[in-house]
Amino acid sequence: MKPIVILISGSGSNMEAIVATARRERWEATLGAQVAAVISNRPGAAGLARAAELGVPAEALDHKAFASREAFDAELIARIDAYRPALVVLAGFMRILTPAFVAHYEGRLVNIHPSLLPAFPGLDTHRRAIEAGCRVAGATVHRVTAELDHGPILEQAAVPVLANDTPEALAARVLAQEHVIYPRAVANLLQNM
Ligand code: NHR
Ligand code: GAR
């Protein structure tokens, strides 16, 4: 079995899309893979309740309880490794990870970022794309490296930016595409490992 651990901070809609696709496509039988756990750095994240409703073990690890990024990441590694993951999936996870964390999961750590990388790494991507006058925006699934939002690209989807778009409207349009490409990228990775 190839366990998948999903890290979230918020609503968990990408997490839910991956769990739903895994069930619909019967990943246990076809890929020998299963979503083993969901971990949030925010105890109040709506995605934790969503995971529990889906019957997936859900845990919180509050980064505010730690004195440093290094200390938080060390405990996060311990929590994740209890599931012996083949793949660790960042799905709206909002904490920058230390080089030690990234090195520990080299080759099995991926992220989805809500822009067409290498454009607009970091936060507030939708507002920045609108202000730059972009006619297209989108999302990128990439391998995670120590340099934020700079790892090798695995999958992208583009959407139009409309006249008078708002960051919220654009985010929703991008998110719908994330739910298509992220489960597909995860399945492709599992297939090849
Ligand atoms: N860590 C590394 N080392 N490399 C990446 O590519 C990472 C990463 C951790 C998260 C997701 C990323 C995104 O897709 C991601 C990619 C958080 C921030 C951030 O500035 C930036 C990018 C991403 C996630 N976080 C603040 C911090 O100080 C906190 C912001 C908050 O809590 O709201 O960690 O966009
Ligand atoms: C998604 O749009 C994801 O790409 C983005 O946050 C949203 C999470 O939604 N990620 C980042 O901005 C990472 N910094 P979800 O919790 O419903 O999957």
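This structure is a prediction, so every number in the text was calculated from the model and none was measured.
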So do Leu97 and Leu76 actually touch side chain to side chain, heavy atoms under 4.5 Å?
yes
Between Ser40 (side chain only) and Ala45 (backbone N and O only), is there a donor and an acceptor less than 3.5 Å apart?
no
Where the side chain of Asp73 meets the backbone of Thr98, is there a donor-acceptor pair that is under 3.5 Å apart?
yes
Might you confirm whether atom CG of Asn192 has over 12 heavy atoms from other residues, nucleotides or ligands at distances under 6.0 Å?
yes
How long is the gap from CD on Glu75 to CD1 on Ile80, to the nearest 0.5 Å?
10.5 Å
What do you reckon, is CD of Glu106 surrounded by more than 12 foreign heavy atoms closer than 6.0 Å?
no
Less than 4.5 Å apart, side chain to side chain, heavy atoms only: is that true for Val38 and Arg50?
no
Treating Arg135 as the side-chain partner and Gly133 as the backbone partner, does any N or O pair qualify as donor plus acceptor under 3.5 Å?
yes
If I take atom CG from residue Leu154 and atom CZ from residue Arg184, how far apart are they, to the nearest 0.5 angstrom?
12.0 Å
To the nearest 0.5 Å, tell me how far Phe101 CZ sits from Ile77 CD1.
6.0 Å
Interatomic spacing from CD in Glu59 to CZ in Arg79 - rounded to 0.5 Å
5.0 Å
Mind checking whether Phe66 and Phe72 have parallel, tilted or perpendicular rings, split at 30° and 60°?
perpendicular
Got a sec: does the CZ of Arg84 have more than 12 other heavy atoms crowding it under 6.0 Å?
no
Output yes when a side-chain donor or acceptor of His113 lies under 3.5 Å from a complementary backbone atom of Phe120, and no otherwise.
yes
